[in-house]
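Order of the sequence lines fixes the chain letters, A, B, ..., with proteins taken first and strands second; residue numbering starts at 1 for each chain.
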2 protein chains.
Amino acid sequence: MSAQSWLTHLQTNGYRLTGARRAVISTIATSTRPLSPAEVYEAARAEYPGLGLVTVYRTIEKLEKLGLIQRVHKPQGCQAFITAANGHQHLLLCQICGSTLLFSGDEMEQLYQDIAEQTGYIVRDHWLQLFGICSQCLEGQHV
Amino acid sequence: MSAQSWLTHLQTNGYRLTGARRAVISTIATSTRPLSPAEVYEAARAEYPGLGLVTVYRTIEKLEKLGLIQRVHKPQGCQAFITAANGHQHLLLCQICGSTLLFSGDEMEQLYQDIAEQTGYIVRDHWLQLFGICSQCLEGQHV
DNA sequence: TTACTTGCAAACGTTTTGCACGATT
DNA sequence: AATCGTGCAAAACGTTTGCAAGTAA
């Protein structure tokens, strides 16, 4: 999903299109790694200097509610956001550069069935995240 | 791992055994659901009334460093802790009562291999969490 | 006795709220 | 013109730090 479609998505849901929102949206939509509210604020001010940090928080809240972005959980913290995954996609995060990649993991349905049988739970949702090192970082340095 | 073995584990690593630590440890070790520092503080004061919140934070920090507890990530927040998983275990959380269960998921190695091939990443770690409803809650109410 | 541990108070960083002004529709 | 959105300031919240007194070893 592109930044442009986020804007129409916002509009369709009764929200107004403002310079502040355009800046926040294009910042998150074009980033290859998760950004915290403070990082979004920092970066988006290049595009919209009058931007306030509070507006970043409020815009992120709306984008998350609309399902356009999602929070990324890492050992170091859980304040950062990226473009939301489509359906049954999962995250792959580079531990060096922080870049993130989405991949499909529908092979996992069988696992959930097995677990449900073993535990008596109904499984309704799942989070899967892989941590590793991306090909670019592998080239650049020894680990 | 029992609360008792946590204590000897602490002692082996040069830490002292105190009333405050015993209370924090037994609180987390016997809980069936993740507890936040504030919740640990609240519950552990029943056993050790003089306990301070700061000590809870400091004890949690040490227990996490020793690998005895782990942080649990949920959509509602990531401040809660439970007994750490053994090796390749994953979490299953009840969305109603909050109780947590650990299960083994070594079937996933093949998936990681596939992803690594497809993306060029080296996969070094993974998080898998399932959310659902436990058998007790299924009995008790309609969802 | 010595070094570690504690609780209190204060500091800190992040996130939220109240409000009057400004902008979009 | 009406409503929604904004930035500022202040408040609220969770967490961390400094320190003097207390305690385990």
Side-chain angles (χ1 to χ4, degrees), chain A residues 4 6-28 34-66 68-69 71-81, chain B residues 4 6-28 34-66 68-69 71-81:
Chain A
Q4 181 53 48
W6 291 18
L7 292 171
T8 60
H9 210 296
L10 269 184
Q11 210 163 26
T12 313
N13 283 75
Y15 297 113
R16 293 178 180 176
L17 266 43
T18 67
R21 284 178 182 166
R22 283 177 216 275
V24 169
I25 285 173
S26 84
T27 298
I28 300 180
L35 299 177
S36 69
E39 288 170 328
V40 172
Y41 173 66
E42 187 71 24
R45 276 166 77 87
E47 181 179 334
Y48 188 80
L51 183 65
L53 178 58
V54 177
T55 299
V56 174
Y57 275 98
R58 291 194 270 227
T59 303
I60 283 176
E61 187 187 358
K62 284 176 180 59
L63 294 176
E64 194 182 13
K65 241 170 220 165
L66 291 177
L68 299 172
I69 62 174
R71 188 180 294 268
V72 175
H73 299 258
K74 292 187 283 187
Q76 308 82 29
C78 308
Q79 312 79 16
F81 294 83
Chain B
Q4 181 53 47
W6 292 17
L7 292 171
T8 59
H9 210 296
L10 269 184
Q11 210 163 27
T12 313
N13 284 76
Y15 295 113
R16 293 180 179 173
L17 266 44
T18 67
R21 284 178 182 165
R22 283 177 216 275
V24 169
I25 285 173
S26 85
T27 298
I28 301 180
L35 299 177
S36 68
E39 288 171 328
V40 171
Y41 174 66
E42 187 71 24
R45 276 167 76 88
E47 181 178 335
Y48 188 80
L51 182 65
L53 179 58
V54 178
T55 299
V56 174
Y57 276 98
R58 291 195 271 229
T59 303
I60 284 176
E61 186 187 359
K62 285 177 179 60
L63 294 175
E64 194 182 13
K65 240 170 220 163
L66 291 177
L68 298 172
I69 63 174
R71 189 180 294 267
V72 175
H73 298 258
K74 292 187 283 186
Q76 308 83 29
C78 308
Q79 312 79 18
F81 294 83

Whole angstrom value for the distance that separates [atom2] of [N] from [atom1] of [X]:
{"X": "A:Tyr15", "N": "D:dT3", "atom1": "OH", "atom2": "P", "value": "17 Å"}
{"X": "B:Gln11", "N": "C:dT5", "atom1": "CD", "atom2": "C1'", "value": "14 Å"}
{"X": "B:Arg45", "N": "C:dT6", "atom1": "CZ", "atom2": "P", "value": "15 Å"}
{"X": "B:Leu7", "N": "C:dT5", "atom1": "CG", "atom2": "P", "value": "13 Å"}
{"X": "B:Leu63", "N": "C:dT5", "atom1": "CG", "atom2": "C1'", "value": "14 Å"}
{"X": "B:Ile25", "N": "C:dT5", "atom1": "CD1", "atom2": "P", "value": "12 Å"}
{"X": "B:Leu17", "N": "C:dA3", "atom1": "CG", "atom2": "P", "value": "20 Å"}
{"X": "B:Asn13", "N": "C:dC4", "atom1": "CG", "atom2": "C1'", "value": "15 Å"}

Considering all heavy atoms, the nearest [X]-[Y] contact:
{"X": "A:Glu39", "Y": "A:Pro34", "answer": "OE1-O, 3.8 Å"}
{"X": "A:Ala43", "Y": "A:Thr27", "answer": "CB-CG2, 3.7 Å"}
{"X": "A:Glu47", "Y": "A:Ser26", "answer": "OE1-OG, 2.7 Å"}
{"X": "A:Ala23", "Y": "A:Tyr48", "answer": "CB-CB, 3.6 Å"}
{"X": "A:Arg21", "Y": "A:Arg16", "answer": "NH1-O, 2.9 Å"}
{"X": "A:Pro37", "Y": "A:Val56", "answer": "O-CG1, 3.6 Å"}

(message) Return whichever of B:Arg22 or B:Ala38 has its heavy-atom-nearest nucleotide of DNA chain D closer to the 5' end.
(response) B:Ala38

For nucleotides 11-13 of chain D, which of its nitrogen or oxygen atoms have a protein nitrogen or oxygen under 3.5 Å away, and what is each distance?
none

Proximity to the side chain of [X] - top-ranked nucleotide from [options]:
{"X": "B:Arg21", "options": "D:dA24, D:dT6, C:dT6", "result": "C:dT6"}
{"X": "A:Thr18", "options": "D:dT15, C:dT25, D:dT6", "result": "D:dT6"}
{"X": "B:Gln79", "options": "D:dA25, D:dG5, D:dT15", "result": "D:dT15"}
{"X": "A:Arg16", "options": "C:dT6, D:dT6, D:dA2", "result": "D:dA2"}

(message) Under the rule for side-chain hydrogen bond (donor to acceptor under 3.5 Å, both in side chains), what residues qualify as partners of A:Arg45, not counting sequence neighbours?
(response)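 Applying side-chain hydrogen bond (donor to acceptor under 3.5 Å, both in side chains) to A:Arg45 gives A:Tyr41.
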
(request) Test A:Trp6 against every option in A:Val24, A:Leu66, A:Leu63 by the side chain to side chain contact (heavy atoms under 4.5 Å, CB included) rule and name the one that passes. (result) A:Leu63

(request) Drop me the distance from B:Thr59's OG1 to B:Ile28's CD1, to the nearest 0.5 angstrom. (result) 8.5 Å

(message) Nearest 0.5 angstrom please: A:Arg58 CZ to A:Leu53 CG, how far?
(response) 10.0 Å

(message) Please classify the nucleic acid contact of A:Glu61 as base, sugar-phosphate, or nothing, using heavy-atom distances under 4.0 Å.
(response)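 No contact at all - A:Glu61 keeps every heavy atom at 4.0 Å or more from the nucleic acid.
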
(request) Give B:Tyr48 one of three labels, base, sugar-phosphate or nothing, depending on what nucleic acid heavy atoms sit under 4.0 Å from its own. (result) sugar-phosphate

(request) List in numerical order all residues of residues 49-59 of chain B for which some heavy atom is under 4.0 Å away from an atom belonging to DNA chain C. (result) B:Gly50, B:Leu51, B:Gly52, B:Val54, B:Thr55, B:Arg58

